[in-house]
Amino acid sequence: MKGILTFLIILALLFIAFVIGSQNEAQVTVNYLIAQANLRLSTLIAITLSIGVGIGILIMLLSWLKLRVQLMSAESKIQRLEQEH
């Protein structure tokens, strides 16, 4: 239940961010390493927000995977110790 609530809160925040971003119709020039692009400010906000969320989810999944491996290791150690006694 906690995961669903967290997901809904994140989804609501993303929706609010996209609504706010859609109100910004000004053209901006973005210079990045390889080239240059003219984008609407709302598009730039959406892209950077999506990249940030993606990186955050990736970091969270890596942390979760590390904890999952530690849990599996601890469970196998517990089973081994229980079999010895």
Practice problem: Check whether more than 12 heavy atoms from other residues, nucleotides or ligands sit under 6.0 Å from atom CD1 of Ile4, and answer yes or no. | Solution: no
Self-check item: With sequence neighbours excluded, residues passing side-chain contact (heavy atoms from CB on, under 4.5 Å) with Phe7
Solution: Leu11
Quiz item: Does Leu58 sit in a hydrophobic cluster with other residues, and if so which ones, taking ILVMFWY side chains as linked at heavy-atom separations under 4.5 Å, directly or through other members?
Solution: Leu62
Self-check item: Results of side-chain contact (heavy atoms from CB on, under 4.5 Å) for Glu84 - residues two or more places apart only
Solution: Arg80, Leu81
Quiz: residues 63-74 side-chain donor-acceptor pairs under 3.5 angstrom, not counting sequence neighbours:
none

Quiz item: Who pairs with Ile51 by side-chain contact (heavy atoms from CB on, under 4.5 Å), at least two apart in sequence or on another chain?
Solution: Ile47, Ile55
Quiz item: So do Thr29 and Gln36 actually touch side chain to side chain, heavy atoms under 4.5 Å?
Solution: yes
Self-check item: Joint hydrophobic cluster, Val53 plus Leu13, side-chain heavy atoms closer than 4.5 Å
Solution: no
Quiz item: Does Gln79 have any side-chain contact (heavy atoms from CB on, under 4.5 Å) partners at least two apart in sequence or in another chain, and if so, which?
Solution: none
Self-check item: Straight-line distance of Leu5 CG to Ile10 CD1, nearest 0.5 Å
Solution: 10.0 Å
Quiz item: Does one hydrophobic cluster hold both Leu44 and Leu49, with members joined at side-chain heavy-atom distances below 4.5 Å?
Solution: no
Self-check item: Ile9 with Ile16, same ILVMFWY side-chain cluster at under 4.5 Å
Solution: no
